[in-house]
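Accompanying notes for the structure given below.
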Amino acid sequence: MTTEPTALAAALASFDDLWSPRIVSRVNDYDVRVAKVRGVHVWHAHHDTDEFFLVLDGELHIALREPAGERTVVLPRGSVFTVPRGVEHCPSSAEGASIMVLEPTGTLTVGDSHEEVPDHVDATTGHPLAL
């Protein structure tokens with residue numbers, strides 16, 4: 001990781017892949033990742049960690065399967081939301097969005113349990129940022 005500031009606009013401009021996050025920084029044992037998203041990700045759950053989302057641009061929807069039933073939270077630009085550990089969720093964006101995600105280093109983007117991963121989703125622990 002660099003000891004210099006990272007411009008998020010430059011980081012996002014450095015790649016075009018969807019659902020393929022880039023690690024822009026680390027905080028203790030957590031990755032700060034940015035990603036471009038469009039369409040539907042995959043239903044998945046992280047058994048041992050929460051997942052924090054910040055919408056940098058566009059709008060993100062996160063469908064949740066909770067004990068009380070299914071619901072969808074809508075996150076416009078500038079909104080944050082944390083999916084609690086163990087909750088099945090499925091992010092999506094019809095028009096596309098840029099997001100920041102904070103989760104422990106080594107956490108798979110498709111969680112610990114998931115449905116079949118479609119070709120457009122990168123099952124990764126994040127890629128190094130190449131500026």
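From Glu103, atom CD reaches atom CG of Asp48 across 12.5 Å, with rounding to the nearest 0.5 Å. The line from CD1 of Ile99 to CH2 of Trp19 is 6.0 Å long, rounded to the nearest 0.5 Å. Here the straight-line distance linking atom OG of Ser92 with atom CD1 of Ile62 works out to 8.5 Å at 0.5 Å rounding. Distance check, rounded to the nearest 0.5 Å: NE2 of His41 to CG of Leu18 gives 11.0 Å. In this structure, OG in Ser113 is found 12.0 Å from CH2 in Trp43, a value given to the nearest 0.5 Å. Note that OG1 of Thr124 and CG of Leu108 are 7.5 Å apart. Values are rounded to the nearest 0.5 Å.
The local environment of CZ in Arg77 is sparse, with at most 12 non-hydrogen atoms from other residues, nucleotides or ligands closer than 6.0 Å. Counted within 6.0 Å of CZ on Phe81, heavy atoms from surrounding residues, nucleotides or ligands total more than 12; the atom is thus considered enclosed.
Taking 4.5 Å as the limit, every side-chain heavy atom of Glu51 sits out of range of all side-chain heavy atoms of Thr107. Side-chain contact between Val42 and Glu116 is absent, with no heavy-atom pair separated by less than 4.5 Å. Two residues are said to be in side-chain contact when any heavy atoms from C-beta on lie closer than 4.5 Å; Phe15 and His127 fail this criterion. Between Thr109 and Arg33, some side-chain heavy-atom pair lies under the 4.5 Å cut-off. A heavy-atom distance below 4.5 Å is not found between the side chains of Val34 and Ser98.
Ring planes of His46 and His89: tilted class, angle from 30 to 60°.
Residues Leu75 and Val80 approach most closely at CD2-O, 4.0 Å, considering heavy atoms. Nearest heavy atom pair, residue Leu129 against residue Ser14, reads CD1-OG, 3.6 Å. Pro91 and Phe53 get closest at one heavy-atom pair: CG-CZ, 4.2 Å. Taking each heavy atom of Thr49 and Pro104 in turn, the nearest pair found is OG1-CD, 3.1 Å. Summarising the geometry of Pro21 relative to Ala35, their closest heavy-atom pair is CA-CB, 3.9 Å, with the distance given to 0.1 Å. Of all non-hydrogen atoms in Val40 and Cys90, the two that sit nearest each other are CG1-SG, 3.5 Å.
Hydrophobic clustering places Val73 together with Leu60 (ILVMFWY residues linked when any side-chain heavy atoms are closer than 4.5 Å, directly or through intermediates). Linking ILVMFWY side-chain heavy atoms closer than 4.5 Å, directly or via other members, places Leu56 and Val24 in a single hydrophobic cluster. Phe52 and Val101 are members of different hydrophobic clusters when ILVMFWY side chains are connected at heavy-atom separations under 4.5 Å.
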*I would like to know whether Glu66 and Arg71 meet side chain to side chain contact (heavy atoms under 4.5 Å, CB included); could you show each step before the answer?*
CA-CA 8 Å; Glu66 300 172 308; Arg71 71 179 175 116; 2.6 Å; yes
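Neither side chain, Asp29 nor Thr105, offers a donor N or O lying under 3.5 Å from an acceptor on the other.
In terms of modelled atom types and a separation under 3.5 Å, the side chain of Asp50 and the main chain of Thr82 share no donor-acceptor contact. Without hydrogens or angle criteria, Arg38 side chain to Glu95 main chain gives a donor-acceptor distance under 3.5 Å.
Partner of Lys36 under the salt bridge (charged side-chain N to carboxylate O under 4.0 Å, His left out) criterion, chosen from Asp16, Asp17, Asp122: Asp16.
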